[in-house]
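Report on one structure; see the data block that follows.
The chains referred to below are lettered A, B, ... by the order of the sequence lines, with proteins before strands, and numbering in each begins at 1.
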Number of protein chains: 2
Amino acid sequence: MAGVGGAPAHGTTSAQACPIAPVLDIVFSRWTTPILWTLHAFGRQRFVVLQRNIGTITPKVLTQRLRQMERDGLVVRTYHPEVPPRVEYEISELGSSLAPLFAHLADWSADHLPRVEQARQEFDVAEEAAAGRGR
Amino acid sequence: MAGVGGAPAHGTTSAQACPIAPVLDIVFSRWTTPILWTLHAFGRQRFVVLQRNIGTITPKVLTQRLRQMERDGLVVRTYHPEVPPRVEYEISELGSSLAPLFAHLADWSADHLPRVEQARQEFDVAEEAAAGRGR
DNA sequence: CGGAATCCGAAAAGATACTG
DNA sequence: CAGTATCTTTTCGGATTCCG
């Protein structure tokens, strides 16, 4: 697996320069969309099941992300004091309110992602040509 | 000043777990929204002006981000071979197609950000209380 | 089972200085 | 002006280990 470095977040960005900057840290932090998506797709589920459904996230990171999302009110954590302990996570109403936004994003993706791919290829070809001339 | 580390991006996330993951790297990478916003707000502008308008970005990072966005077709770079050199950046049509999405995000922010703030306060209070009992 | 604690490595962001 | 080069900083993500 590729070790990755880390981009912080969008938090330090000057707010006046981008009014939606604050939301990005809440909604589009790393792993938040996969988590919300999985929670939305499979409904309430236990920690380990959630981890399996997401596929590649480690328990440490999943815990961190869930904690932040719980704090932001996007997910609800339910602890059952049993032996062995049982904890379940589910999407909150606030978290569900993001569904239309994600749908909008999916629509944009369907409509414009091919254009991005095309732009990338053209750019790479032009770059290749420029390098050829430069060399 | 807060240096930031880095979260890579959302790219390594398993696609099946979240269909919109690919778009996140394109649209919501660090600095992309402030850059697009500034380009949208002030129109075509030169490198240094853009840097000033954004406010806190260093030339190195701005160059990196602009290069990526140009490759993705979100911005258009125009180079005027003069002395001194003049380069202008503007938002592309593809980049402009994101405007409704950003508006949607701004709407969600206006409607739900207070709820997030409230959730955070309640969470912190509950955590404080839990710590008090635990200590 | 559901985490918390610890160590480690990678990559990106920032600061600074320097060119064509 | 518009970057590029270099060095340092930051912290996120992964792996491992341990606990109630």
Side-chain angles (χ1 to χ4, degrees), chain A residues 1-14 21 24-25 28-32 34-35 44-70 75 77-90 127 130-131 134, chain B residues 1-14 21 24-25 28-32 34-35 44-70 75 77-90 127 130-131 134:
Chain A
M1 222 56 45
V4 234
H10 312 263
T12 50
T13 306
S14 61
L24 303 183
D25 284 334
F28 295 108
S29 280
R30 175 108 161 107
W31 291 116
T32 55
I35 291 173
R44 176 166 29 163
Q45 51 203 296
R46 304 178 65 164
F47 187 87
V48 177
V49 175
L50 178 57
Q51 182 186 359
R52 255 200 307 271
N53 284 330
I54 292 175
T56 58
I57 194 172
T58 60
K60 172 194 158 189
V61 176
L62 180 56
T63 299
Q64 287 177 346
R65 265 46 271 270
L66 282 172
R67 206 68 83 196
Q68 178 192 327
M69 294 168 70
E70 186 193 358
V75 303
R77 174 181 184 269
T78 309
Y79 173 73
H80 301 88
E82 307 169 355
V83 179
R86 183 163 60 96
V87 178
E88 290 182 311
Y89 291 90
E90 65 187 314
E127 195 180 44
Chain B
M1 216 69 40
V4 234
H10 312 262
T12 52
T13 305
S14 59
L24 303 182
D25 284 332
F28 296 108
S29 281
R30 174 110 163 107
W31 290 117
T32 56
I35 291 174
R44 178 166 25 162
Q45 53 204 293
R46 303 177 65 162
F47 187 87
V48 176
V49 176
L50 179 58
Q51 182 186 0
R52 256 199 307 273
N53 285 330
I54 293 175
T56 57
I57 194 170
T58 60
K60 171 194 155 189
V61 176
L62 180 56
T63 299
Q64 288 178 346
R65 262 51 268 278
L66 282 173
R67 208 67 82 192
Q68 179 192 325
M69 293 167 70
E70 186 194 358
V75 304
R77 175 180 184 268
T78 308
Y79 174 72
H80 300 89
E82 306 170 356
V83 180
R86 183 163 59 97
V87 177
E88 292 181 310
Y89 290 91
E90 65 186 315
E127 195 179 45

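Five base pairs at each end of the helix from C/dC1-D/dG20 to C/dG20-D/dC1 define two local axes, and these are offset by 40° (rounded to 10°).
Spacing between atom CD of B/Gln64 and atom P of D/dT4 amounts to 10 Å, rounded to whole angstrom units. Straight-line distance from the CG atom of B/Leu62 to the P atom of D/dG3: 9 Å, rounded to whole Å. Between B/Gln51 atom CD and D/dG3 atom C1' there is a gap of 10 Å when expressed in whole angstrom units. Rounded to an integer number of Å, the gap from B/Ile57 CD1 to D/dA2 C1' is 14 Å. The distance between atom CZ of A/Arg30 and atom C1' of D/dG13, rounded to the nearest whole Å, is 8 Å.
Not one side-chain nitrogen or oxygen of A/Arg65 sits closer than 4.0 Å to the OP1 or OP2 atom of D/dC12.
In this structure, CD1 in B/Ile35 is found 10.0 Å from CZ in B/Arg30, a value given to the nearest 0.5 Å.
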Identify all pairs in which a protein N or O lies below 3.5 Å from an N or O of nucleotides 1-4 of chain C, and state each distance.
unit_1: C/dC1; atom_1: O3'; unit_2: A/Arg46; atom_2: NH2; d: 3.2
unit_1: C/dG2; atom_1: OP1; unit_2: A/Arg46; atom_2: NE; d: 3.2
unit_1: C/dG2; atom_1: OP2; unit_2: A/Val48; atom_2: N; d: 3.1
unit_1: C/dG3; atom_1: OP1; unit_2: A/Arg77; atom_2: NE; d: 3.4
unit_1: C/dG3; atom_1: OP1; unit_2: A/Arg77; atom_2: NH2; d: 2.7
unit_1: C/dG3; atom_1: OP2; unit_2: A/Tyr89; atom_2: OH; d: 2.6
unit_1: C/dA4; atom_1: OP1; unit_2: A/Arg67; atom_2: NH2; d: 2.8
unit_1: C/dA4; atom_1: OP2; unit_2: A/Arg67; atom_2: NH2; d: 3.2

Practice prompt. Take A/Trp31 and A/Thr56 through the test side-chain contact (heavy atoms from CB on, under 4.5 Å) and record every step on the way to the result.
Written response: CA-CA 10 Å; A/Trp31 291 116; A/Thr56 58; 3.5 Å; yes

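Every side chain to side chain donor-acceptor pair (under 3.5 Å) that A/Arg77 has, sequence neighbours left out, goes to A/Tyr89. Under the rule for a side chain to side chain donor-acceptor pair (under 3.5 Å), the partners of A/Gln45 that lie at least two apart in sequence or sit in another chain are A/Asn53. The side chain to side chain donor-acceptor pair (under 3.5 Å) check on A/Arg65 picks up A/Gln68, with sequence neighbours excluded. Checked against salt bridge (Lys or Arg N to Asp or Glu O under 4.0 Å), B/Glu88 has the following partners two or more places apart in sequence or in another chain: B/Arg44, B/Arg86.
Two residues are said to be in side-chain contact when any heavy atoms from C-beta on lie closer than 4.5 Å; B/Glu70 and B/Arg67 meet this criterion. Taking the side chain as every heavy atom from C-beta outward, B/Thr63 and B/Phe47 approach each other to under 4.5 Å.
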